[in-house]
Amino acid sequence: MFGKNPEKQPELFRPMLVDFIDKKHELVLLSEKIDWNYFEEEFFPLNSKLANPSHPIRFMVGCLLLKHLYNLGDETLEKAWIMNPYMLYFCSRVIFEHEFPCDPSNFVHFRKRIEKKLLKISRAYILV
């Protein structure tokens, strides 16, 4: 089962990311261009109904895209994440976080769940 995206509500003692980031940064602009609902619709049927809720699809897909864009591994993404508020914003986080919200091994499990679907999607684009 996939988790839910965090709600975008202000907190009293923690500033919202949107209040201190540059809205013209490349990751902010890219996050607005991506159709995140497409990923939600494609990957939602792949969730497990037996386990505890995992992380939101947008977070997981966003992290995989960041890893590809910046040539990061599972563990190096964790270190970059803590230093870069734009990565948090790209993955739909609301406030600055001092810790990475998941174990890097979660990406392995997520990739295994979506790999067949990704192959079908990529084949469809090749045939077009």
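Just so you know, residue 1 is the first one in the sequence shown, and it goes up from there. Computed from a predicted structure; not experimentally measured.
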> Taking the side chain as every heavy atom from C-beta outward, state whether Pro101 and Arg93 have any pair of such atoms under 4.5 Å apart.
yes
> Is there a side-chain contact between Phe110 and Val61 in this structure, where contact means two heavy atoms from C-beta onward sitting under 4.5 Å apart?
yes
> Is there side-chain contact between Ile34 and Leu65, with at least one heavy-atom pair below 4.5 Å?
yes
> Is any side-chain heavy atom of Leu66 closer than 4.5 Å to a side-chain heavy atom of Asn84?
no
> Could you name each residue pair satisfying salt bridge (charged side-chain N to carboxylate O under 4.0 Å, His left out) that touches residues 18-30, not counting sequence neighbours?
none
> Below 4.5 Å, heavy atoms only, C-beta onward: do Ile21 and Leu88 meet side chain to side chain?
no
> Work out which heavy atom in Cys63 is nearest to a heavy atom in Cys91; give both atom names and the distance.
N-SG, 3.5 Å
> From Ile57 CD1 over to Arg113 CZ, what is the distance, rounded to the nearest 0.5 angstrom?
8.5 Å
> Give the minimum heavy-atom separation between Cys102 and Phe107, together with the two atoms involved.
SG-CZ, 4.1 Å
> Taking side chain as C-beta onward, heavy atoms only, is Ser92 less than 4.5 Å from Trp36?
no
> Both conditions, 6.0 Å and 45 degrees, for the charged tip of Arg58 above the ring of Phe39: are they met here?
no
> Do Glu42 and Ile114 have side chains that get closer than 4.5 Å, going by heavy atoms?
no
> Please report the interatomic distance CE(Met87) to CG(Leu17), rounded to the nearest 0.5 Å.
13.5 Å
> Holding to ring-ring contact (aromatic ring centres under 6.0 Å, His included), I want the full list of residues that pass it with His98, two or more places apart in sequence or in another chain.
Phe96
> Would you say Glu32 has more than 12 foreign heavy atoms packed within less than 6.0 Å of its CD?
yes
> Identify whether Ile82 and Phe20 are in the same connected component of the hydrophobic contact network (ILVMFWY, side-chain heavy atoms under 4.5 Å).
yes
> Mind checking the CZ-OH spacing from Phe43 to Tyr38? Nearest 0.5 Å is all I need.
7.5 Å
> Just grab all the side chain to side chain donor-acceptor pair (under 3.5 Å) pairs involving residues 72-81, residues at least two apart or on different chains.
Lys67-Asp74, Asp74-Arg111
> Which heavy-atom pair separates Ile95 from Pro15 by the least distance, and what is that distance?
CG2-O, 3.8 Å
> Would you mind reporting whether Tyr89 and Leu27 have side-chain heavy atoms less than 4.5 Å apart?
no
> What distance do Leu77 atom CG and Asn71 atom CG have between them, rounded to the nearest 0.5 Å?
12.0 Å
